[in-house]
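All values derive from a computational prediction rather than experimental measurement.
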Amino acid sequence: MSATIEKLSEVVIKFAGDSGDGMQLTGGQFTNAAALYGNDLATFPDYPAEIRAPQGTIPGVSGFQLHFSSNEVYTPGDYCDVLVAMNAAALKANLKNLKKGGIIIANTDGYDTKNLRLANYPDGVNPLEDGSLDGYKVYKIDVTRLTRESLAEVAGLGMKEKDRSKNMFVLGFLYWMYNRNMDFTINFLNEKFGKKPDILEANLRVLKAGYNYGDTTETFMNRYDVPKAKVEAGTYRSIMGNQAVAIGFVAAAQQANLPLFLASYPITPATDILHDLSKYKNFGVETMQCEDEIASICAAIGASYGGHLAITTSSGPGIALKGEAMGLAVMMELPLVVVNIQRGGPSTGLPTKTEQADLLQAIYGRNGECPMIVISCSTPSDCFDVAIEASRLSLEHMTPVMLLSDGYIANGAEPWKFPKAADLPTINVKFKTGLEEGEEKYLPYKRNEKLARAWVLPGTPDMQHRLGGLEKDFLTGAVSYDAENHERMVKVRQAKVDNVADYIPAQKIEVGAEKGKVLVLGWGSTYGSIKSTVLELIAEGHSVSHAHVRYMNPLPKNLGDLIKQFDHVLIPEINNGQFIKIVRDKFLVDAKGYNKIQGTPISKTELKSFIIENYFSK
């Protein structure tokens, strides 16, 4: 008897298992298949904090959540419809986020006495057998045994190598359950393991075995189909935030007609930008993995002095180490983009968990009066545009810019429509190559209407000048200890950053009316949660709007007036309240905060409940 196919508008799947179970790869493959099929989607990879946490334990659980739909998707989903739990720890860690009546696909081999003990279940208790999961549809599959059986005829692989293929069994089964084609993954495996025929054959066999298991086992009477989303016509790909940042910088360098140089010290969750940019040597991209954070930013400053679009990347702890050199770039007034992929802190903190807690560090976290432009990304695909914009602002205003993303955006994925090169913004760069008519002497700190000084390449005749960390004369650039000159330079460096507000767009309302009862004001990765929440509240008849800020310093010139059109302002943040301090300080409004500091994004459910309870309950 063939299974019936049920149409669904959206599905949320959580893949969970040990960090060695291949859940990230499995989730990524299903994500790419869904994107190619035409679904809108959002993902949330959830890595353990330790490189190799003890197997079978809750701290060692690695997860990947995927929300795919025939409608627009803004978040990876608050609760999952399907939980793939490869062992007892994965079930225990994620069961609270499974919808009642949801599907559990359990690898029974991961629920033996040892795994149950490691997951801290009481002796003699097995959740697959004790009735505690009666409110769910539980599919108990001995994935390990079925994987081994499908590879019985494959020679040259030990049992450990065979067991590594069990994630392909789960993937094949889910392809069957959700009526998806395996061709994308088959092509991926051929490319990845083409030179390792034994491993290639094993993965292909197990993938097809999982698919055929669903097809031939009468236990499963239902299959599901999520139709294509109605999206704007164009060519799309699934893109992660760090990938989009890297591609954005390549595009910016092309638009500015400059070589691109990235210097970085590896740090979670920023390292992938270094990896990705190293693949673009054909675009003249140069990458340098340095021995430490200070070396990396100093190398980038040197590249900027030499006429490159210069980038350095890190996360919160590394940004702290780069602080003095950021001050050097501010003093030298050279273009530089510093990328901060935020994570849980302070110190080492939660390296693999997300947080928005570096905003005040980005704006104020350097010695002395040291102003920098700060700009933030809101979604994985938005990272492309923000990387270009950060480069434009830095190059055109001759000053460092900090780009803020976070682990949620960096590792999350969504469909991205390829832009046309003709639609990318122009970046105007002009090197000073000689004295102009009537100019008797080169004055390194003479400024244009943007208060930007001229950019001179080393070795340009008659353009010798001095740069460094000591205070400079207002025009000549000579070292100056004059008190009034220092104050004048401090003021002009601040004015240069403040004046950037004249060259950025006005703040707009993302969703809702231009005035009303409640404005939910966000920045960064809270975008999806806020937008989906506000859309639901508007549909229910509530007076609520959403505005999302990209330009964190300076703020858009009209933001204060926009805020004052609402009776209440709510600022959700994945920190203890940082942007709210800035808004209260700048605009003297009694904004309220909604703060979550648990290493996970704010969910639509919790934010909606908070808004209704505080603003719309009778």
Side-chain angles (χ1 to χ4, degrees), residues 241-242 245-246 249 261-274 277 288-301 303-304 310-332 334-377 383 386-387 390-391 393-394 399-411 469 497 523-525 552-553 573-576 578-579 581-582 597 599:
N242 279 348
V245 167
F249 283 136
F261 177 84
L262 169 75
S264 181
Y265 175 74
I267 184 172
T268 302
T271 308
D272 283 339
I273 300 172
L274 171 62
L277 276 175
M288 179 179 179
Q289 180 176 321
C290 297
E291 67 269 25
D292 57 49
E293 297 283 2
I294 299 171
S296 66
I297 187 171
C298 289
I301 292 171
S304 174
I311 316 293
T312 188
T313 59
S314 192
S315 189
I319 296 297
L321 291 167
K322 294 179 190 289
E324 182 182 1
M326 279 189 271
L328 175 62
V330 169
M331 180 70 81
M332 295 169 73
L334 284 171
L336 173 71
V337 180
V338 180
V339 180
N340 181 354
I341 311 296
Q342 300 165 95
R343 71 189 206 188
S347 188
T348 307
L350 303 172
T352 62
K353 307 301 179 184
T354 196
E355 209 162 271
Q356 290 182 293
D358 295 349
L359 177 61
L360 295 181
Q361 179 193 33
I363 297 177
Y364 303 116
R366 294 163 294 281
N367 67 294
E369 298 291 344
C370 190
M372 279 178 60
I373 300 168
V374 180
I375 185 171
S376 67
C377 310
C383 291
V386 172
S391 303
L393 293 174
S394 184
T399 191
V401 172
M402 187 175 293
L403 184 158
L404 293 178
S405 178
D406 61 39
Y408 173 39
I409 296 173
N411 296 314
V497 172
W523 71 278
S525 63
M552 309 306 297
N553 188 48
E573 298 183 80
I574 313 175
N575 57 42
N576 205 28
Q578 296 195 11
F579 188 41
K581 291 181 173 68
I582 296 168
I597 325 161

Check for a donor-acceptor pair, side chain of S394 on one end and backbone N or O of S391 on the other, with a separation under 3.5 Å. no
Is there a donor-acceptor contact under 3.5 Å from the side chain of N553 to the main chain of M372? yes
Would you say the side-chain atoms of Q356 pair up with the backbone N or O of E573, donor to acceptor, closer than 3.5 Å? no
When you compare the side chain of I409 with that of T354, does any pair of heavy atoms fall below 4.5 Å? no
Can you tell me how far the OG1 atom of T312 sits from the CE atom of M402, to the nearest 0.5 Å? 10.0 Å
Could you report the tightest heavy-atom contact between L336 and A329, atom names first, then the distance? CD2-CB, 3.9 Å
Tell me the closest heavy-atom pair linking S296 and C290, and the distance in Å. CA-SG, 3.5 Å
Looking at every non-hydrogen atom in both residues, tell me the closest pair between S315 and T268 and how far apart they are. CB-O, 3.7 Å
So, does Q578 use its side chain to make a donor-acceptor pair with the main chain of L359 at under 3.5 Å? yes
Side chain proximity check, I319 to Q342, heavy atoms < 4.5 angstrom: no
Distance, nearest 0.5 Å, that separates CG of L321 from CD1 of I297: 10.5 Å
Can you check whether P371's main-chain N or O pairs, donor with acceptor, with R366's side chain at less than 3.5 Å? no
With heavy-atom distances below 4.5 Å as the criterion, would you say the side chains of V338 and N340 are in contact? no
Given V245 and L277, is the side chain to side chain contact (heavy atoms under 4.5 Å, CB included) satisfied, shown in steps? CA-CA 9 Å; V245 167; L277 276 175; over 6 Å; no
Could you grab the distance from atom OG of S376 to atom CG of D406, nearest 0.5 Å is fine? 9.5 Å
Closest non-hydrogen atom pair, I267 against G318: CD1-N, 4.0 Å
Donor-acceptor pair between K322 and S314 side chains, under 3.5 angstrom: no
Might you confirm whether atom CZ of F261 has over 12 heavy atoms from other residues, nucleotides or ligands at distances under 6.0 Å? yes
Shortest non-hydrogen separation from T313 to E293 and the atoms involved: O-OE1, 4.1 Å
Checking R343 side chain against G349 main chain: does a donor-acceptor pair fall under 3.5 Å? no
I would like to know whether L403 and F249 meet side chain to side chain contact (heavy atoms under 4.5 Å, CB included); could you show each step before the answer? CA-CA 12 Å; L403 184 158; F249 283 136; 4.2 Å; yes
Is it true that a side-chain atom of S304 and a backbone atom of P335 form a donor plus acceptor pair closer than 3.5 Å? yes
Determine, step by step, whether I341 and V339 satisfy the side chain to side chain contact (heavy atoms under 4.5 Å, CB included) criterion, reporting the C-alpha distance in whole Å, the side-chain angles of both residues, the deciding distance to 0.1 Å, and the verdict. CA-CA 6 Å; I341 311 296; V339 180; 3.7 Å; yes
Can you tell me how far SG of C383 sits from CD1 of I273, rounded to the nearest 0.5 angstrom? 8.0 Å
Within-4.5 Å side-chain heavy-atom neighbours: C370 and M326: no
Considering all heavy atoms of both residues, which atom of M552 and which atom of I363 are nearest to each other, and what is their separation? O-CD1, 4.0 Å
Can you confirm whether D292 is buried at CG, in the sense that more than 12 heavy atoms of other residues, nucleotides or ligands lie under 6.0 Å from that atom? yes
